[in-house]
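Model, not experiment: these values are computed from the prediction. Both ligands and their constituent atoms are indexed starting at 1 by order of listing.
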Amino acid sequence: MYISKFQINNFRNFNDVSLDFEKGSNYFIGRNGHGKSNLLEAIYALSIGKSYRTSKGINLVNKDSGSYSSYLKGIAHYNNSASDLMLNIEVDKETKRVSKTYSFNSSSVSSIDFIGKLNVVLFEAKDLSIITGSPIARRRFLDIHISQQDFSYLKALQRYNKVLQSRNKVLKDIKIGKSSKLELEFWTEKIIEDGLIISKRRKEKLYKITDETLKIFPNFIFGDENLDINFVASYDDLDNLNNDSLKAIFAENIKREISLGSTLYGPHKDDFDININGHPSSEFSSRGQIRTIALALKLGEANALKNNINNSPIIALDDILSELDEVRRGTVMDYIDNYDQVILTAPDEKLLVKNPKFNGKIFFVKNGEIIDK
Ligand SMILES: Nc1ncnc2c1ncn2[C@@H]1O[C@H](COP(=O)(O)OP(=O)(O)OP(=O)(O)O)[C@@H](O)[C@H]1O
Ligand SMILES: [Mg+2]
């Protein structure tokens, strides 16, 4: 999949920008604060129907334009057909309420029918938290990946989180004599089914991502950096666990759960380990190494998604080259050249390590304007 024309109107620090993307590699060079991340935010918004950076829609409209609306338009190409996509953002002058409308092939559609028409995998600084952050970041990484392909997983996850809250409340209430073990049983039954489905699904998908990541990672390194990734569930022997054996685990731990007032087992405790040469990379890897691992993981995710949806997503990479040495920058640039389309930002053209076959298109981002080189 790739995007050809892209138009930005009154979005962030842009007024009117019209771009012709190259199928293949597109590099956006610009100094700090000139609009590079804003551009990727705009492209990604056409994929997910909203900003990945803010939930305050009003901040998306160019505040210096005097306007209360903004739009993003693109032409997406997939399987020899072209579709146009448009996202409109309107701010009510009085209430400052924001409404978004979507159109696909010039017909108005709901957000559900819009989201995912353009497949983009975005990598930005925050994604380093998959390596360095808390387990929440790693669960989120898996959940977004699985939800993109399976709406029923997202539903199960939402149900699980609600049931978990209710069950934790009952545990606390039992401790102070306000609730009974009978009520707890009801919530335990409910939590078990979705809990097992979610953890098993995460494990299965993590290993599919890992397979792809391990094919990519050696392209980025020299020497012997051995990467391994392992799913860590809160229960032992997840593969052989069923509803009955899990019920028995809950029964054994009921006293401890009541005294702590929280549910001890389940997907809310899932995590995965990322090791380099047998050591946790969050503690032993350098900044550049962490960036390389996170990038390999994210591209592994893109490749796993591609295997599933039979469509190569657009790869959007925000400032990934800055902390890498020249050799790694070269290997990364060589590797990403294989995707249908890559959109990459960098603060300095010197960071681009061009191989002899380099045929990427270079743009300059300056104060909200974008010029072709
Ligand atoms: N709603 C808005 N209206 C006008 N300008 C905005 C709006 N939102 C953000 N900006 C401006 O956009 C600029 C930030 O752009 P962006 O984050 O894309 O920079 P960048 O090129 O990615 O920089 P860096 O290299 O530091 O990451 C800031 O100067 C900010 O003030
Ligand atoms: Mg930026």
Geometric N/O contact Gly33 with ligand 1, under 3.5 angstrom: yes

Atom 3 (N) of ligand 1 - nearest protein heavy atom and its distance: Lys63 N, 3.0 Å

Partners meeting ring-ring contact (aromatic ring centres under 6.0 Å, His included) with Tyr335 (sequence neighbours left out): Phe220

Phe217 side chain near Ile293 side chain, heavy-atom distance below 4.5 Å: yes

Salt-bridge criterion met for Glu349 and Lys354 (N-O under 4.0 Å): yes

Option whose closest heavy atom lies nearest to atom 7 (C) of ligand 1, chosen from Arg12, His34, Glu41: Arg12

Salt-bridge criterion met for Asp239 and Lys200 (N-O under 4.0 Å): no

Which of the ligand 1 atoms, numbered from 1, are nearer than 4.0 Å to a heavy atom of Val61: 1 (N), 2 (C), 3 (N)

Sub-3.5 Å N/O-N/O distance, Lys36 and ligand 1: yes

Numbered atoms and elements of ligand 1 in range of Arg53, under 4.0 angstrom, heavy atoms: 17 (O)

Any residue meeting side chain to side chain donor-acceptor pair (under 3.5 Å) with Lys63, in chain and number order, not counting sequence neighbours: none

Among Gly35, Gly368, Ser37, closest by any non-hydrogen atom to atom 27 (O) of ligand 1: Ser37

Side chain to side chain donor-acceptor pair (under 3.5 Å) between Thr263 and Asn168, worked out: CA-CA 6 Å; Thr263 302; Asn168 285 344; 2.7 Å; yes

Atoms in ligand 1 flagged as close to Asn59, the criterion being non-hydrogen separation under 4.0 Å: 1 (N), 2 (C), 8 (N)

N or O pair under 3.5 Å between Asp319 and ligand 1: no

side-chain contact (heavy atoms from CB on, under 4.5 Å) evaluation trace for Asn62 with Asn15: CA-CA 7 Å; Asn62 188 332; Asn15 289 313; 3.2 Å; yes

Ionic contact status for Glu369 with Lys366, cut-off 4.0 Å: no

NZ (Lys172) with more than 12 external heavy atoms under 6.0 Å: yes

Flag: protein heavy atom within less than 4.0 Å of atom 31 (O) of ligand 1: no

Atoms of ligand 1, numbered as shown, that sit under 4.0 Å from any heavy atom of Arg31: 21 (O)

Protein contact to atom 18 (O) of ligand 1 [nearest heavy atom, distance to 0.1 Å]: Asn38 N, 2.8 Å

Any residue meeting ring-ring contact (aromatic ring centres under 6.0 Å, His included) with Phe364, in chain and number order, not counting sequence neighbours: none

Geometric class of the Tyr265/Phe250 ring pair [parallel <30°, tilted 30-60°, perpendicular >60°]: perpendicular

Lys117 NZ/CZ over Phe104 ring centroid, <6.0 Å and within 45° of normal: yes

Proximal ligand 1 atoms for Asn62, defined as those under 4.0 Å from one of its heavy atoms: 3 (N), 4 (C)

Atoms of protein origin (N, O or S) under 2.8 Å from the Mg ion (ligand 2): Ser37 OG

